Asks: 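I have a structure I would like to understand better, so I am pasting it below and will then ask my questions one at a time.
What you are looking at is a predicted structure, and each value in this text was computed from that prediction instead of being measured.
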Amino acid sequence: MAELPKSYNSQETEEKIYKNWESNGYFHAQVNPQKTPYTIVIPPPNITGILHMGHILNNTLQDVFIRWKRMQGFEACWVPGTDHAGIATQNVVDKALRKEGTTIRELGREKFLERVWEWRTQYGGTINTQLRKLGVSCDWQRERFTMDEGLSNAVKEVFVRLFDKGLIYRGKYIVNWCPREQTALSDDEVNSVERKGHLWYIKYPIEHSVESIIVATTRPETMLGDTAVAVNPKDDRYKHLIGKNVVLPLANRVIPIVADDFVEPTFGTGAVKVTPAHDPNDYQAGIRLNLPQIIIMDTSAKMNKNVPLKYQGLDRYECRREVLRDLEKENLLVKTEDHVHNVGHCYRCDTVIEPYLSDQWFVKMKPLAEPALKVVLDGKIKFYPERYTKIYENWLTNIRDWCISRQLWWGHRVPAYYAPDGNFTAARSLDEAYEKLKIKSPNIKKEDIRQDDDVLDTWFSSWLWPFSVHGFPEQTDDLKYFYPTDTLVTASDIIFFWVARMIMAGLEFMGEVPFKQVYFNSLIRDGQGRKMSKSLGNSPDPIEVIGTYGADALRFTVMFLAPEGQDVLYENEKCEIGRNFANKIWNAGRFLMMNRDQLPIENDQLAIVGSKPSEDLTDQWILSRFNSTVKDVTNAVENFQIVDAVKTLYDFLWKDFCDWYVEFVKIRFQESNDVHLKRAIINRALKIYEETLKLLHPFMPFVTEEIYQHLAERKTGDTIMRASLPAVDTTLIDTEIETQMDFLQNVISQVRTIRSEMNIPPSKTIDFVASCNDFDKQTLLENNRNLLQKLCKLESISIGTALPKPGYSASSVVKGQEIFVPLKGLIDVDVERERLQKEIDRLEGQLKGVMAKLTNQSFVGKAPADVIEKEKSKQQNFQQTIEKLKINLEQLVG
RNA sequence: GGACGUUUAGCUCAGUUGGUUCAGAGCGUUCGCCUCACACGCGAAAGGUCGUAGGUUCAAGUCCUACAACGUCCACCA
């Protein structure tokens, strides 16, 4: 086989490999009664979205789980798709239209929707093309879109069901209104920004009295819509005024003074003007106190006919100036204070949000929330990290009704129908609406029925995602087989908007939880911990990163950096971790294959290994380490501890396998003249290597596949992504072997340290003396002279019991065994003295701690016997080692 | 204001039920090496009173309490 290039080239391999996987249908899952399904539904990215770093970790993790389960023999199904993203998409197209000199309204609903669909066809798939570059093994044949026909049917179906059940109602509500976009916004579409404003103190005269009451407000123009003044019932200053009326200045209306707990006596004057139609708090108070609601602005935030004539038609801010001027004239403006407060802004156009009273559709959430809370508290759905359970509980127990209507055109049109007489109903179709409305309005004509103009909140389709993608409301085979799904991987910021609602919908419409585990992945921030944002320009383009470092490198790096439940501080350069690792793996394989391929061709290839267990210590050791690794990685993945899994693999491959085992193999291979032995050595190494690649594959799919294909002649369809994960053989995990190896490695490291500290040139060979007091350790050294000799560059080796210390030698004590490196003429006595003294000091410190315990009567009296024993043996070891080091220090020169 | 989280080496983080040489890793830094897989590499070193103050315990990085700093979410005082 041809020799591999010197370093792994991700660009040359990734696309080729992905195409092969996808075109052969390896990602496709189907109903298979022989297998257990494992399902993930992707958090559908917006069609307006382009791939950003946030998607990377999220989708990498899903891919890890899917590939892992697939290699475990599950029917692994990962359903991809996109979200129609109401406002975002409408805005994008709106912008395009404006460039062309037209507007949404000019175009009209139908034409506009055509345009959006066109746009979607052209650009809506961008993100999925990009996702493929990450190597995700989504079942692209199952790709769904929240507005496609099936999902739209699901939306209608649940709307009607909820309506018929009385869980959807129409009502007035204060919504976040953007006067520029002309639509309601959900709370998450509002950015709260701290702004410097003013607090104005306004005098309201009491009716039939010379007294007055002063209120403080940040929005004086809304006084024109006041319908009460509220004070705290416990506030002695105002108790006598409760029940009286004030004459509202400028508007000259008489409004009552009322009492309510929501008033904070310490803020402002302790008296609040109440504007139920233009403030969410006042709205709530207004409901409690049964106050009228006066809407004083139109949808563009211009004052309407409910205010005195002189203010009508003014913009809210113009009106504010006028109102203040007029109040001043009438001597009713008592004072003005600077005041910093939070103001809601539209996340699209940054216009200040106007709380606006309007007709909206709502879902009653309480009946849905209760079962949804129960399944999480009962552990039927588990959250990782677990602490999100509390956050979830908190939200669900204080849940408020869900405003589901949006004044947009792009989205699922509200399937509600109105009769001319005002009756309305919800229906899956006009015909159904007609049948339903006929009952209440017998004289109705079908053509007079009007469908609601609004569309539904985008989340109203997303919350059905786990089952709508599989054909709901039809009871399809897919739905029966793949639902409930297994693991949901998402960011924690949509726990309420999406996760909680999916749980509710799953229970309500399927009678079954939508998934069993929710894994909340970390948020990606920049190197300074700031959020990634376009305006900061700190959001790297993942496609560029993949081009530079490779998809595996990016995947590995974000997993490697992502602490559980914490944010990831990411910068592009960190991808070197992943790239270097991929390259390391590549070269280990390259080296092993090079050695194998120089041997005469035989048919046994990999078969020979496994037939007979190796008696070689290094083989036994690496098998032990390998099986530990399989065990640990498996545990970590099953418990969603991905960083641990990734680090375990990294350490095993780099340290155990490359730094030590491959070095051992080199030596053994070079020493041997027996072709069969050589083949056995190299094939054993390759076998472990190949199995490790499989274990690593879910994390780094491309490089592992590429090497796998080079490792042997593969038949069509023999691909690593369809291989089985290595099974752990715990009988091969051998602590005795590992202890022996640990000793050997320590000895080698000590000699290397001496070389380094004494500035021995790497090319120079040195002598080595080991004076042992432990027969097993002595034998161990004897048996591995070859390794010592090569790895420490030794000229001569003498191993024995109680050997004398050669003059002018550097020394060290490893597990009670003394090692000497005679360095006459080379030794720097001062350096060696310092080195030994430092070690003595360190050990004496440790000894002191041990002695303190052992002389402490309460420790000896109360600690368990085995702990005391351990301390005693530590004491002995420390003392003996210190003693040896001290002697060596004294005899340094002699 | 409420809830949650974090605080360990210059940086980013591990440290599972308190007790194995427990004070660790990677990056960065320093020193030496292009050693026939890999300089995207190899070998070695320096570097920390584990946020602060108490407490529990024979024993605390680990458990409890308070405080501080930072972060996130929720609710937001008009």
Asks: Considering only atom P, compute the distance from rA23(B) to rG47(B) and round it to an integer number of Å.
Replies: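 It comes out at 15 Å once rounded to the nearest Å.
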Asks: Tell me which of F560(A) and M594(A) sits closer to the 5' end of RNA chain B, going by the nucleotide each one is nearest to.
Replies: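 It is F560(A), whose closest nucleotide lies nearer the 5' terminus.
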Asks: With pairs defined as Watson-Crick or G-U wobble and both distances under 3.5 angstrom, please note down RNA chain B as a dot-bracket string, | for pairing with another strand.
Replies: (((((((..((((.....[....)))).(((((.......))))).....(((((..]....))))))))))))....
Asks: On a whole-Å scale, what distance lies between the C1' atoms belonging to rG5(B) and rA9(B)?
Replies: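 Here rG5(B) and rA9(B) have their C1' atoms 23 Å from each other.
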Asks: Nearest of rC38(B), rG47(B), rG5(B) to any side-chain atom of K584(A)?
Replies: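 Between rC38(B), rG47(B), rG5(B), the one nearest the side chain of K584(A) would be rC38(B).
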Asks: Which part of the nucleic acid does R525(A) contact within heavy-atom distance under 4.0 Å: base, sugar-phosphate only, or nothing?
Replies: sugar-phosphate
Asks: The side chain of E757(A) is closest to which nucleotide in this list: rU21(B), rA44(B), rC58(B)?
Replies: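 For E757(A), the side-chain atoms sit closest to rA44(B).
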Asks: Anything under 30° is parallel, anything over 60° is perpendicular, the rest tilted; go ahead and classify W586(A) against H710(A).
Replies: perpendicular
Asks: Base, sugar-phosphate, or nothing: which does K6(A) touch, judged by heavy atoms less than 4.0 Å apart?
Replies: sugar-phosphate
Asks: Assess the pair Y388(A) and F383(A): is the distance between their ring centroids shorter than 6.0 Å?
Replies: no
Asks: Which residue lies toward the 5' end of RNA chain B, T217(A) or K870(A), if each is placed at its nearest nucleotide?
Replies: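 With T217(A) and K870(A) compared, the 5'-side residue is K870(A).
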Asks: Nearest to the side chain of T753(A), which nucleotide is it out of rC42(B), rA45(B), rC40(B)?
Replies: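 So the nucleotide nearest the side chain must be rA45(B).
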Asks: Using only side-chain N and O atoms of T275(A), determine if any of them is under 4.0 Å from OP1 or OP2 of rA78(B).
Replies: no
Asks: Side chain of E663(A), heavy atoms from C-beta onward: which of rC38(B), rC40(B), rA23(B) has the nearest atom to it?
Replies: rC38(B)
Asks: Centre of W660(A)'s six-membered ring, under 6.0 Å away, within 45 degrees of the axis: is that where NZ or CZ of R752(A) sits?
Replies: yes
